[in-house]
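First listed ligand is number 1; within each ligand, the first listed atom is number 1.
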Amino acid sequence: MQHFHYKNNQIYGENIRLADIANEFGTPCYVYSEAMLEDNWQAFEKAFNGLRHRICYAVKANSNIAILNFFANKGAGFDIVSQGELERVLAAKGDPKKIVFSGVGKQTAEIIRALDVGIACFDVESLPELERIHSIAEKRKTIATVALRVNPNIDARTHPYISTGLSINKFGIEYSDVLPLCHRVQKMPHIKLIGIACHIGSQLTELSPFLEASDRMLDLLQQLKTAGIELTHINIGGGLGVQYHDEKPPTPQEYAEALRKKFENQSIELIIEPGRALVANAGILLTKVEYIKTTSQKNFAIVDAGMNDLMRPALYDAWHDILPIHLRYGDTHFYDIVGPVCESADVLGKSRQIALEPGDILAIKTAGAYGFSMSSHYNSRPRPAEVMIKDDKAHLIRKRETLGELFASETIV
Ligand code: LLP
């Protein structure tokens with residue numbers, strides 16, 4: 001079911017006209033549909049039903065606490081990569097016992113806080129990190145539960161910036177080092193090894209890399225078992241892609257069925273960490289056309305959202321559909337939809353055929369994942385508002401930042 005749809009030439013989010021949301025909350029503004037989050041969550045839950053599994057939502061995809069609270073209420077676990085994300089999950093009433101903590105650069109204070117609140121597991125990415133966690137746990141007279149994040153050296157066949165499972169990447173422990181490290185862990189009295197983890201990349205549009213990674217992880221599980229090391233889970237990370245343009249990613253159902261074949265006869269729990277596939281299509285970014293500028297080369301529609309609000313097109317050359325929220329009849333032209341930021345990369349969409357006038361509002365689709373969470377203040381632009389459509393009402397879930405907030409923590413010396 002599509003929760004953002006045209007009716008009488010206007011886009012609605014569920015039963016609310018996006019024009020009304022733009023009027024009330026201004027632009028640029030992220031708008032999320034809770035019903036779409038629900039559909040996405042149910043799709044995963046239904047698909048994995050019957051298999052021992054846990055879904056740990058990857059907080060980095062969208063970390064607004066209203067979204068986290070939605071997933072917490074569903075009983076989700078969380079994949080975090082910083083204390084900031086940890087505090088967000090706690091503020092959103094997420095269960096610390098369902099948190100896994102990934103990331104190559106965990107700092108001492110972050111490890112202490114995570115141990116104190118009793119997270120489920122640290123996904124350890126190197127020997128020095130393991131030693132640091134051990135010594136902190138020792139000082140605090142506790143035992144840290146860990147999984148080793150493995151670098152399975154598998155090509156995820158996605159954008160190189162979001163590919164993480166190749167041995168040239170900074171992530172995870174080299175496959176051949178894992179078994180010796182497990183032996184070492186066993187001699188560490190303040191560490192309990194409970195699993196192995198991997199995450200090979202994001203926006204995957206094929207199943208085969210997931211299956212290759214699963215095979216490698218299951219092989220490792222077997223090797224560990226033979227060496228007398230019993231684990232309780234395998235975490236295969238996130239990465240399932242969504243449709244932005246013409247890609248055809250597997251559905252959660254297809255993804256789960258393929259994994260089920262690999263994992264159903266195992267006595268361990270399967271952890272997955274989807275981010276994008278749970279939130280991307282539940283969000284859009286509303287932006288207003290400020291000016292139309294025609295040069296000898298191009299037509300530009302200059303809008304009030306920029307690369308600081310939605311960085312994906314500038315950073316990855318990513319495609320997002322861009323639609324007028326009120327279809328107008330008239331001549332269409334090809335426009336580059338560009339933001340106000342002083343960078344030529346500040347393009348939200350290239351060559352879009354559309355009928356436009358200044359003042360029109362556009363919806364940039366599939367912006368619920370890695371949209372607001374990657375936003376910045378670049379060019380001293382306050383970050384946009386976020387609105388959640390829930391129970392037929394538009395709720396402000398994050399106020400638009402004020403100009404004063406931009407420099408409130410700065411000092412003149
Ligand atoms: N688990 C780990 C350890 C991760 O590093 C990530 C994403 C995920 C789970 C969630 O992956 P997902 O299901 O969302 O693909 N900014 C990029 C995406 C970066 C993803 C980084 N890691 C983008 O906008 O496409």
What are the atom names and distances for all N or O pairs under 3.5 Å between ligand 1 and the protein?
| unit_1 | atom_1 | unit_2 | atom_2 | d |
| --- | --- | --- | --- | --- |
| ligand 1 | 1 (N) | Asp79 | OD2 | 3.2 |
| ligand 1 | 1 (N) | Glu273 | OE1 | 2.5 |
| ligand 1 | 5 (O) | Lys60 | NZ | 3.4 |
| ligand 1 | 13 (O) | Gly239 | N | 2.8 |
| ligand 1 | 13 (O) | Gly275 | N | 2.9 |
| ligand 1 | 14 (O) | Arg276 | N | 2.8 |
| ligand 1 | 14 (O) | Tyr370 | OH | 2.6 |
| ligand 1 | 15 (O) | Ser202 | OG | 2.3 |
| ligand 1 | 15 (O) | Gly239 | N | 3.3 |
| ligand 1 | 16 (N) | Tyr316 | OH | 2.7 |
| ligand 1 | 24 (O) | Arg312 | NE | 2.7 |
| ligand 1 | 25 (O) | Arg276 | NH1 | 3.1 |
| ligand 1 | 25 (O) | Arg276 | NH2 | 2.9 |
| ligand 1 | 25 (O) | Arg312 | NE | 3.3 |
| ligand 1 | 25 (O) | Arg312 | NH2 | 3.0 |

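Salt bridge present: Asp215 and Lys262 bring a charged side-chain N and a carboxylate O closer than 4.0 Å. Using a cut-off of 4.0 Å between Lys/Arg side-chain N and Asp/Glu carboxylate O, Glu38 and Lys74 are scored as salt-bridged. Using a cut-off of 4.0 Å between Lys/Arg side-chain N and Asp/Glu carboxylate O, Arg140 and Asp116 are scored as salt-bridged. For Asp317 and Arg312, the salt-bridge test fails: no basic side-chain N is under 4.0 Å from an acidic carboxylate O.
Judged by a 6.0 Å distance limit and a 45° cone about the ring axis, Arg216 is positioned over the six-membered ring of Tyr175.
The six-membered or imidazole ring of Phe171 lies away from that of His199, with a centre-to-centre distance of 6.0 Å or more.
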